[in-house]
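What follows is a set of notes on a single structure, which appears directly below.
Counting from 1, the numbers follow the sequence of the chain as shown. In each ligand, atom 1 is the first atom listed, and ligand 1 is the first ligand listed.
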Amino acid sequence: MLQHDVIIVGGGLAGCRAALEIKRTDPNIDVGLIAKTHPIRSHSVAAQGGIAASLKNVDPADSWEAHAFDTVKGSDYLADQDAVEILTKEAPEVIIDLEHMGVLFSRLEDGKIAQRAFGGHSHKRTCYAADKTGHAILHELVMNLRRNGVKIYDEWYVMNLIFEDNQAKGLVMLHIETGKLEVVLAKAVMFATGGYGRVFNTTSNDFASTGDGLAMTAAVGLPLEDMEFVQFHPTGLFPVGVLISEAVRGEGAYLRNSDGDRFMEKYAPKQMELAPRDITSRAITLEIRAGRGIHKDGSAGGNFVHLDLTHMGKEKIMSKVPFCWEEAERLVGIDAVVEPMPVRPTAHYSMGGIPVNTDGRVRKNGTELTEGFFAAGECACVSVHGANRLGSNSLLECIVYGRRVGSKIAEYVGDRPLPAINETQYLQAAQERIQKLMEQTGTTRISDLRQRFQDTMSEHCGVFRTDEIMSEGIQEIQSLTAEYNDVFLDDKSTHWNTELIEAMELQSILKVGEAILTSAYKRQESRGAHSREDFPTRDDEKYLGHTLSFCSDDGVTIEYMPVVIDRFEPKERKY
Ligand SMILES: Cc1cc2nc3c(=O)[nH]c(=O)nc-3n(C[C@H](O)[C@H](O)[C@H](O)COP(=O)(O)OP(=O)(O)OC[C@H]3O[C@@H](n4cnc5c(N)ncnc54)[C@H](O)[C@@H]3O)c2cc1C
């Protein structure tokens with residue numbers, strides 16, 4: 001049986017930053033980090049536009065308080081304000097620390113770190129490395145892990161969390177290359193498993209964003225928080241769904257409908273294209289519904305709008321957003337210097353996740369904590385984004401809370417002994433799960449069931465939602481979940497069996513999808529990214545609370561937990 005003082009699942013920004021902090025706090029703590037991809041291929045590497053911090057390099061009037069206010073307003077007042085305070089106060093120092101580590105940020109003429117405008121932020125505070133910010137940061141972090149002696153298990157798939165007597169004790173994982181199963185024992189387990197964009201049929205997320213960490217947490221009877229709040233990014237490249245960064249609008253691009261109008265004038269007259277994402281995604285969806293979307297031949301009535309960069313000029317496009325230009329050129333054959341890009345909303349980010357306190361300790365329910373179990377990054381809900389995340393606050397969350405949770409874990413493990421478990425029992429259960437899948441003789445292909453599930457989620461829990469559409473959706477996914485017993489695998493091999501991994505990932509997205517739909521169905525108001533046509537206004541009296549969803553074989557039960565409001569009183573949100 002493998003053992004470490006601390007085991008971290010996830011090699012993205014949150015997991016790597018936490019591992020590094022543990023080693024910085026005490027180099028003798030033995031840390032293992034597991035990723036089902038190579039860490040450098042974690043979705044963090046794809047982050048484009050930047051990371052927010054009130055460094056005041058461009059805008060001296062900025063402050064952490066202004067950043068905190070923008071974040072809370074952006075969240076539609078559902079963010080926990082103590083968590084937001086930590087996020088925004090610590091932002092400048094974590095950026096300087098990254099820069100000292102060697103991260104190559106873009107610069108101003110005077111050599112300081114450059115900062116650009118981003119949606120919902122009242123000042124220019126987003127630091128960036130062209131439009132490849134995640135790449136620049138993740139590479140530096142991974143190199144630092146190796147230098148600091150963190151044991152990396154890459155291409156291992158974690159199947160189960162071992163959780164007994166309210167304590168996380170380790171996990172069971174599968175070596176993708178050889179099919180070998182291992183139990184890992186640890187004094188503390190941290191999840192940094194990223195988002196779940198693959199629950200939907202059109203997403204900017206990578207193929208590995210299947211919410212495994214959330215599903216494993218739910219499987220041991222722990223709740224998930226605020227799952228109804230899914231961010232649809234306004235500018236997914238049509239039809240593929242990959243992201244065209246908000247940085248493109250931050251640098252001055254326009255959104256236009258089939259009449260050529262900058263329609264954001266109607267929806268957010270002050271902030272225009274730089275309104276927060278929930279508002280901009282709804283605006284695009286409404287324009288398309290009203291027949292002002294565009295067809296491929298340029299005529300009206302299609303299902304995308306235009307993102308127009310043509311007035312920005314080649315030099316600016318190539319120096320500030322070269323990767324976005326390249327994506328449009330490579331994937332849909334559009335040269336954005338001379339023609340507009342076709343875009344529409346795409347599932348992008350999960351505001352909800354594993355409920356944690358500001359030390360990253362996972363909650364058992366609304367009042368009690370678990371032992372030995374931590375989470376940070378996109379899989380966690382601390383909650384700094386509430387009902388809607390502002391762009392460039394997520395990388396920041398990974399770094400601020402990665403660092404903070406790392407240091408809390410180092411404190412927590414102290415002189416604790418390793419827990420004791422019955423290894424054979426867990427190995428056997430994992431073996432049986434795999435064997436059952438291998439031997440199942442149904443007629444349904446994994447990819448077919450997954451596609452139907454993703455279509456159902458996109459159709460029944462998208463940008464706009466109603467009671468009727470969601471209750472149909474819940475029934476459909478229950479019957480799709482039942483169909484899982486009818487799937488069969490073509491590939492029966494033990495080595496590099498990616499079909500087996502996809503089968504287990506499908507179980508994750510099915511579970512996460514049910515939590516999303518049920519939480520959304522129960523919340524009878526509109527707040528941030530959760531937009532109900534049958535309940536179009538925010539209802540603070542009934543719903544100013546975090547949703548906790550508890551999943552079991554009998555369905556999902558919902559409870560609510562208070563929001564921390566200690567600085568900014570909820571107001572109407574206008575842009
Ligand atoms: C295209 C794109 C652009 C973005 N741009 C920005 C931006 O400019 N600014 C910003 O603030 N945010 C941006 N975001 C959001 C931000 O990138 C993510 O929220 C953040 O990087 C998530 O980091 P993470 O460490 O939580 O998880 P990830 O980077 O997603 O890493 C998850 C890790 O968990 C591992 N894992 C998951 N399940 C298992 C399992 N079962 N077994 C083993 N390992 C597992 C994966 O292998 C991976 O290593 C963007 C997101 C996308 C998709």
Nearest option to atom 18 (C) of ligand 1, as decided by whichever heavy atom of Glu378, Glu327, His385 sits closest: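 That would be Glu378.
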For ligand 1, which atoms have a heavy atom of [X] less than 4.0 angstrom away?
X	result
Tyr157	41 (N), 42 (N)
Trp156	42 (N), 43 (C)
Leu13	25 (O)
Ala46	1 (C), 2 (C), 3 (C)
Gly11	33 (C), 48 (C), 49 (O)
Tyr349	19 (O)
Asn205	53 (C)
Gly49	7 (C), 8 (O)

Can [X] and [Y] be counted as an ion pair, charged N to O under 4.0 angstrom?
X	Y	value
Glu99	Arg107	yes
Arg125	Asp62	yes
Asp278	Arg389	no

For [X] and [Y], work out which heavy atoms get closest and say how close.
X	Y	value
Asp212	Ser508	OD1-OG, 2.9 Å
Asp80	Val382	OD2-O, 3.7 Å
Gly120	Leu390	O-CD1, 3.7 Å

What is the closest protein heavy atom to [atom], and at what distance does it sit?
atom	result
atom 48 (C) of ligand 1	Ser42 OG, 3.3 Å
atom 44 (N) of ligand 1	Lys36 N, 2.9 Å
atom 12 (N) of ligand 1	Arg389 NH1, 3.4 Å
atom 38 (N) of ligand 1	Asp212 OD2, 3.4 Å
atom 29 (O) of ligand 1	Ser44 OG, 2.5 Å
atom 35 (C) of ligand 1	Gly10 CA, 3.7 Å
atom 2 (C) of ligand 1	His43 NE2, 3.5 Å
atom 7 (C) of ligand 1	Gly50 O, 3.7 Å

Heavy atom of [X], distance to ligand 1 below 4.0 Å:
X	value
Gly134	no
Pro39	no
Ala192	yes
Gly391	no
Ile51	no
Met504	no
Asn393	yes

Quick check, are the ring centers of [X] and [Y] under 6.0 angstrom apart?
X	Y	result
Phe200	Phe232	yes
Tyr349	His385	yes
Phe69	His121	no

Parallel, tilted or perpendicular: ring planes of His175 versus Trp156, cut at 30 and 60 degrees: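 Plane angle under 30°, so parallel.
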Side-chain heavy atoms of Glu246 within contact of Thr280, under 4.5 Å: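 With C-beta onward as the side chain, the pair stays apart.
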Min side-chain heavy-atom separation His4-Lys187 under 4.5 Å: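 No; the side chains remain at least 4.5 Å from each other.
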Any donor-acceptor N or O pair under 3.5 Å, side chains [X], [Y]:
X	Y	value
Thr37	Asp154	no
Lys36	Thr210	yes
His348	Ser204	yes

Just distances here: any N/O of [X] and N/O of ligand 1 closer than 3.5 Å?
X	answer
Val158	yes
Gly377	no
Ala14	yes

Arg116 NZ/CZ over Tyr128 ring centroid, <6.0 Å and within 45° of normal: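 So Arg116 does make the cation-pi contact.
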Pairing residues for Glu228 by the side-chain hydrogen bond (donor to acceptor under 3.5 Å, both in side chains) criterion, not counting sequence neighbours: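 Arg523, Thr547.
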Location of contacts on Thr193 toward ligand 1, heavy atoms closer than 4.0 Å: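 Both the backbone and the side chain of Thr193 come within reach of ligand 1.
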Mode of His348 contact toward ligand 1 - side chain, backbone, both, neither (heavy atoms, under 4.0 Å):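 Side chain only.
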